[in-house]
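Notes for the one structure printed next.
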Amino acid sequence: MADADDLLSAEADDHFHDECGVFGIFGRQDAAAIVTLGLHALQHRGQEAAGIVSYDGSQFHVERHVGLIGDTFTKQRVIDSLQGNRAIGHTRYATTGGAGLRNIQPFFAELADGGFAVAHNGNLTNAMTVQRALQKQGAIFSSTSDTETLLHLVATSKERDLNSRFIDAVRQVEGAFSLVAMTAKKMIGCRDPLGIRPLVLGDLDGAWILASETCALDIIGARFVRDLKPGEMVVVTAKGIESLFPFEPQKTRFCIFEYVYFARPDSSVEGRNVYEVRKRIGAELAQESPVDADIIVPVPDSGTPAAIGFSQAAGIPFELGIIRNHYVGRTFIQPGDSIRHMGVKLKHNANRRMIEGKRVVLVDDSIVRGTTSQKIVQMVRDAGAKEVHMRIASPPTSASCFYGVDTPEKSKLLASRMSIQEMAEFIRVDSLGFLSIDGLYRAVGEAGRDNEQPQFCDACFTGQYPTRLLDFEGHDNVRTLSLLATSGA
Ligand code: SF4
């Protein structure tokens, strides 16, 4: 992203972004309204577009729109158009080349034995390879999303029944997938064998629910039943729920970044409460990287739980020294050059009275390009801080993610081209400390990282990817690749 035009976008957005949330419900008359609420709770997993497919007993209804759930899924669309007692939905964070309507999920197609809808959180790392093979056999693709590949694999499978065709399809793809699919008779949930992305099972008065996170169950008062196991497929019909394990068992590799940033702090994923993990991350950070200071200040909102943990462990007061404006949308009007150079602070403002004359420790979840950190540090200095230290609640992010996360080019990741000292100079702090990879593992409840067989996916910190990257071999530039194969996540 060019410096000249990044004030707004970079200040608003210098994070890795999980690209999707999925939600489905089976057996409840107001299904689409429930899905709308579920997707609203999952809005943090994707803000640019959303879709819902419902089935009313005789036909499917599809609504897919660009924008926030609350803005686009109006009463008229949800109540009047999306009828039926089963529905699935998806919210996405569109990447380069992927913002078009044709890439919004769920994907829906009329297959030989009826309608089939699918919503996907994750990214398939061999979709282009499979797609090319299908195209040689005459397949036509109508989107640039990897998820459409799955639809084709289900459609063209030689297996006899839908369950077997679905299994045939998911066995041919690689990478990260938490899927929610629906036909006239069933809802299917499935996690990849490594369990990279989350997917939970819930129950609302006898109606089964599949959702990316537990916060989507809470919003509708549903009961959390359990996480789907890595490699598990559940099939929900009018008769009940069936659990299948179609993959060879593997050592699981859940995305550890879900705990650092992606998941909502009030969610529990893979048996751990996200807020508690983030507080423990802060406590580990305080132990590993202590600093003499007067106040601990979170970079809101994602740095807040770690800052609380840091403050409690270090015995240094926690203060809201930076206030976030929650009403800055990604589509906020881009100012012209004359306004841009005024240093407009759209998203964050320093709370001067808290900061003036103090030695401040800023706690943030990660540093991606470093542009936001640089501006925030300058803002805190301008507000009169005597010293500004920064502590980061994760190891340096030095590699791209290929599993359904919007990542800048590797060369734009500050940690891929600078030492910690150089980064400290770049963002102009008095000291900079990152959590170690072992510290992160301790915070999630492990003794440390098992370097032979890591317990999580931590590739964006270590560069050690848990799967083949068939479509991406020889490349390290996700942006360029996303033009070829936009993540369906
Ligand atoms: S590389 Fe792995 S740990 Fe990093 S964001 Fe992607 S899935 Fe998560």
Side-chain angles (χ1 to χ4, degrees), residues 13-22 44-46 93 95 120-127 146 173-179 191-199 212-213 230 250-264 267 269-270 272 274 277-278 281 302 365-369 392-410 412-416 434-441 443-444 446 449-451 453-469 471-472 475-479 481-482 485 487-489:
D13 201 2
D14 189 22
H15 284 102
F16 279 10
H17 283 273
D18 200 315
E19 292 175 358
C20 300
V22 293
H44 61 289
R45 296 185 78 87
Y93 178 94
T95 56
H120 172 201
N121 177 203
N123 188 54
L124 306 179
T125 52
N126 68 340
D146 57 335
V173 294
E174 297 172 8
F177 51 92
S178 279
L179 301 166
R191 280 180 87 189
D192 65 76
L194 299 176
I196 294 174
R197 296 269 153 253
L199 190 62
S212 292
E213 294 181 33
Q250 294 186 37
K251 184 147 178 26
T252 63
R253 301 287 295 274
F254 184 65
C255 166
I256 204 162
F257 216 122
E258 290 278 352
Y259 292 113
V260 173
Y261 176 70
F262 302 142
R264 234 170 73 163
S267 283
V269 289
E270 290 290 286
R272 301 171 184 88
V274 175
V277 171
R278 287 185 191 160
I281 282 174
S302 50
D365 57 90
S366 56
I367 293 182
V368 179
R369 299 175 189 83
I392 302 297
S394 60
T397 42
S398 55
S400 300
C401 175
F402 297 89
Y403 303 117
V405 168
D406 182 40
T407 323
E409 296 168 23
K410 183 175 161 76
K412 291 198 171 165
L413 296 173
L414 206 61
S416 75
F434 288 83
L435 185 65
S436 70
I437 192 76
D438 280 323
L440 180 55
Y441 272 74
V444 295
E446 302 286 340
R449 184 177 194 262
D450 178 343
N451 291 327
Q453 285 199 307
Q455 305 92 316
F456 290 89
C457 177
D458 53 22
C460 48
F461 307 124
T462 62
Q464 294 174 12
Y465 295 94
T467 69
R468 294 194 305 172
L469 300 172
D471 290 347
F472 305 98
H475 300 268
D476 66 356
N477 183 337
V478 170
R479 274 285 178 217
L481 287 161
S482 68
S487 161

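One-based numbering, in listed order, for ligands and for the atoms of each. Remember, it's a predicted structure, so these values are computed and weren't measured experimentally.
- Judged purely by atom type and a 3.5 angstrom limit, Thr397 has no side-chain atom pairing as donor or acceptor with the backbone of Val368.
- Panel note: side chain Arg278, backbone Val260; a donor-acceptor pair is recorded below 3.5 Å.
- Checking each of Arg253, Arg197, Arg272 against Glu258 for a salt bridge (charged side-chain N to carboxylate O under 4.0 Å, His left out) leaves exactly one that passes, namely Arg197.
- Around atom 4 (Fe) of ligand 1, the closest heavy atom drawn from Cys401, Pro454, Cys460 belongs to Cys460.
- In terms of modelled atom types and a separation under 3.5 Å, the side chain of Tyr403 and the main chain of Thr125 share no donor-acceptor contact.
- Applying the 4.0 Å criterion to heavy atoms of Tyr403 picks out, from ligand 1, the atoms 7 (S).
- In this structure, Tyr465 has no heavy atom closer than 4.0 Å to ligand 1.
- For Phe16 and Tyr261, the ring centers are positioned 6.0 Å apart or more.
- Between atom 8 (Fe) of ligand 1 and Cys255 there is an N/O/S contact shorter than 2.8 Å.
- Looking from atom 2 (Fe) of ligand 1 to the surrounding protein, the closest heavy atom is Cys457 SG, 2.3 Å.
- By the 4.0 Å heavy-atom criterion, Arg197 is counted among the residues contacting ligand 1.
- Between Phe257 and Phe456, the ring center distance fails the sub-6.0 Å criterion.
- Those atoms of ligand 1 that come under 4.0 Å of a heavy atom in Phe257, given as number and element, are 5 (S), 8 (Fe).
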